[in-house]
Q: 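One structure, pasted below without further comment.
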Amino acid sequence: MKSKYLIICILMVTVLSCSSSKSSVTEAQIKALDSIMTKPEFSIKSDWAYPQATLAMQQIANSGLLGPGNVANAINLIGNYNFLTISGDSISSHLPYYGERQMHMDYNGGDSAIEFKGLVENYKALKNKDKSYTITFNAKSKSETFNTTLTIFPNLKANILLSGSSRNSIRYSGTVSKAKE
C-alpha cells in the first residue's frame with residue numbers, strides 16, 4: 001500500500017514540475033517577430049553548428065582537431081564568421097560546414113562553406129501555434145542545391161536545418177536580427 005502512495009507522489013511531482021517549465025512569451029516579443037516576418041528582411045548569426053555524429057566526425061573529435069568544448073555533434077561558432085541573410089526573395093550566406101560530403105569538391109577547396117547568393121525558390125512561411133515561424137525554401141550554392149528549414153522563435157532565437165544534395169545534413173542555432181539596410 002505504501003508503494004502505491006509513493007508511486008502516486010512521484011507521478012504528481014513529475015507532472016507538476018513538467019507543467020511549470022513552460023516559458024511565457026511576451027506580447028512585445030510576438031509583435032517584434034511578426035514585424036520582422038511581415039517583410040522578410042532578417043539575418044541569422046549562428047552560435048552553434050550541429051553536424052551529424054558519424055564515425056568520421058567522431059574520429060576527428062577523438063584526434064583533438066575540434067578544440068576544447070567541442071564534440072562530434074556540437075561545434076561552437078562564436079568568433080567564427082557566419083551569417084544567413086534573407087532580403088525579400090534574395091538570400092546570401094556563409095556558414096562553415098562540418099561533416100561528410102558524398103560527392104565532389106572543388107579542386108581549390110573553395111566550396112567548403114555553405115555559401116548562397118541569389119534567389120530563394122519555393123519560399124513558404126508558416127506561423128505555428130506557439131507563435132514561432134517555420135520557413136522552408138530551396139537555395140543553390142555554386143555546385144549544390146539545399147533544402148532549408150528555418151524555425152524562428154519569439155525570443156529571436158533560430159534554428160537552421162540544411163540538407164544538401166552532396167553533404168550530410170547539418171543544423172545551426174543562433175540569433176535573428178533585422179537585416180541592415
Side-chain angles (χ1 to χ4, degrees), residues 25 29-54 57 66-67 69-103 105-106 108-128 130-181:
V25 176
Q29 289 176 321
I30 294 170
K31 286 181 182 179
L33 179 58
D34 288 342
S35 72
I36 290 173
M37 297 308 296
T38 54
K39 185 179 178 190
E41 293 194 5
F42 59 88
S43 186
I44 301 172
K45 182 172 180 180
S46 299
D47 298 326
W48 287 91
Y50 300 99
Q52 289 184 3
T54 61
M57 284 299 294
L66 293 179
N70 295 320
V71 292
N73 63 345
I75 299 169
N76 190 324
L77 297 178
I78 294 175
N80 291 340
Y81 176 70
N82 71 81
F83 69 92
L84 183 137
T85 301
I86 293 181
S87 181
D89 62 350
S90 299
I91 186 169
S92 61
S93 75
H94 180 89
L95 296 166
Y97 180 74
Y98 301 91
E100 292 183 44
R101 296 190 64 138
Q102 284 78 32
M103 287 204 225
M105 186 172 166
D106 287 350
N108 63 4
D111 197 19
S112 59
I114 299 172
E115 296 183 307
F116 302 134
K117 191 161 183 89
L119 299 176
V120 295
E121 299 172 1
N122 303 322
Y123 182 92
K124 294 176 188 162
L126 174 70
K127 188 171 185 177
N128 302 315
D130 64 351
K131 309 297 185 203
S132 66
Y133 281 85
T134 301
I135 301 167
T136 58
F137 59 88
N138 298 334
K140 294 180 182 177
S141 67
K142 290 179 187 175
S143 62
E144 197 170 354
T145 303
F146 289 89
N147 295 327
T148 307
T149 302
L150 306 177
T151 306
I152 302 175
F153 300 96
N155 63 357
L156 298 182
K157 298 293 182 188
N159 286 328
I160 304 168
L161 177 62
L162 294 168
S163 179
S165 56
S166 66
R167 304 177 200 223
N168 284 356
S169 298
I170 187 167
R171 184 174 65 88
Y172 299 89
S173 66
T175 307
V176 177
S177 61
K178 284 189 176 186
K180 294 182 172 116
E181 306 272 330

Q: Is there side-chain contact between Phe116 and Lys140, with at least one heavy-atom pair below 4.5 Å?
A: no
Q: Considering only NZ, NE, NH1 and NH2 on the basic side and carboxylate oxygens on the acidic side, decide whether Lys127 and Asp34 come within less than 4.0 Å.
A: yes
Q: Please tell me if the side chains of Ile75 and Pro51 come closer than 4.5 Å, counting only heavy atoms from C-beta onward.
A: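 Yes. Closest side-chain heavy atoms under 4.5 Å.
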Q: Do Asp47 and Thr175 have side-chain heavy atoms sitting under 4.5 Å apart?
A: yes
Q: Any chance you could measure Ile86, atom CD1, to Ser92, atom OG, to the nearest 0.5 Å?
A: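 Nearest 0.5 Å value for the CD1-OG distance: 9.0 Å.
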Q: Would you kindly say whether Thr54 and Asn168 are connected by a side-chain donor-acceptor distance under 3.5 Å?
A: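 Their side chains do not contain a donor-acceptor pair, so the 3.5 Å distance test is not met.
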Q: My understanding is that only residues two or more places apart in sequence, or in another chain, count here; which of them pass ring pair (Phe, Tyr, Trp, His ring centres under 6.0 Å) with Tyr133?
A: none
Q: If you look at every heavy atom in Thr38 and Ser35, which pair is closest and at what distance?
A: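 Scanning both residues completely, I find the closest heavy atoms to be OG1-O, 2.9 Å.
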Q: Could you check whether any side-chain heavy atom of Leu33 comes within less than 4.5 Å of a side-chain heavy atom of Ile152, counting everything from C-beta outward?
A: yes
Q: Are any of the side-chain heavy atoms of Asn128 and Thr134 separated by less than 4.5 Å?
A: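 SC-SC contact between Asn128 and Thr134 confirmed.
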Q: Whether the side chain of Asn138 engages the backbone of Asn147 through a donor-acceptor N/O pair (distance < 3.5 Å, no angle test) should be reported.
A: no
Q: If you measure from NZ on Lys117 to NZ on Lys142, what distance do you get to the nearest 0.5 Å?
A: 11.5 Å
Q: Which value, rounded to the nearest 0.5 Å, describes the distance between Arg171 atom CZ and Asn73 atom CG?
A: 9.5 Å
Q: Could you check Lys131 against Ile30 for side-chain contact (heavy atoms from CB on, under 4.5 Å), going step by step and ending with a plain yes or no?
A: CA-CA 7 Å; Lys131 309 297 185 203; Ile30 294 170; 3.8 Å; yes
Q: Would you call Glu144 and Arg167 a salt bridge, using N to O less than 4.0 angstrom?
A: yes
Q: Given the rule in the side-chain contact (heavy atoms from CB on, under 4.5 Å) test, do Ile170 and Ile114 qualify, once you have shown the distances and angles that lead to the verdict?
A: CA-CA 11 Å; Ile170 187 167; Ile114 299 172; 4.2 Å; yes
Q: Hey, mind stepping through Thr148 and Tyr123 against side-chain contact (heavy atoms from CB on, under 4.5 Å) and telling me if it holds?
A: CA-CA 10 Å; Thr148 307; Tyr123 182 92; over 6 Å; no
Q: What residues form a side chain to side chain donor-acceptor pair (under 3.5 Å) with Glu121, not counting sequence neighbours?
A: none
Q: Report yes if the side chains of Ser46 and Ile160 come closer than 4.5 Å at any heavy-atom pair, otherwise no.
A: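 A side-chain contact under 4.5 Å exists here.
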Q: So, the side chain of Asn76 versus the backbone of Ile78: is there a donor-acceptor pair under 3.5 Å, distance only?
A: yes
Q: Output the distance between atom CZ (Phe137) and atom OG1 (Thr149), rounded to the nearest 0.5 Å.
A: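 Atom-to-atom, Phe137:CZ and Thr149:OG1 are 8.5 Å apart.
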Q: So, do Val176 and Met37 sit near enough that their side-chain heavy atoms are less than 4.5 Å apart?
A: no
Q: Using modelled atom types only, decide if a donor and an acceptor are shared between the side chain of Tyr172 and the backbone of Pro96 within a distance under 3.5 Å.
A: yes
Q: In Å and rounded to the nearest 0.5 Å, what is the CG to CD distance from Leu95 to Glu115?
A: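 Going from CG on Leu95 over to CD on Glu115, the span is 9.0 Å.
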Q: Give the C-alpha distance, both sets of side-chain angles, the deciding distance and a yes or no for side-chain contact (heavy atoms from CB on, under 4.5 Å) between Ser169 and Gln52.
A: CA-CA 7 Å; Ser169 298; Gln52 289 184 3; 3.6 Å; yes
Q: Keeping Tyr97 on the side-chain end and Glu100 on the backbone end, is there a donor-acceptor pair under 3.5 Å?
A: yes
Q: Looking at Ser173 and Tyr50, what are the two nearest heavy atoms and their distance?
A: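 Result for this residue pair: OG-CE1, 3.4 Å.
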Q: So do the side chains of Leu119 and Ser90 get within less than 4.5 Å of each other, counting heavy atoms only?
A: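 SC-SC contact between Leu119 and Ser90 confirmed.
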Q: Rounded at 0.5 Å granularity, tell me how far CZ in Phe146 sits from OG in Ser93.
A: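 Between Phe146 CZ and Ser93 OG, I get 8.0 Å after rounding to 0.5 Å.
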Q: Report yes or no: does Ser87 contribute a side-chain atom to a donor-acceptor pair with the main-chain N or O of Glu41 at less than 3.5 Å?
A: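 Side chain of Ser87 to backbone of Glu41: no pair is present.
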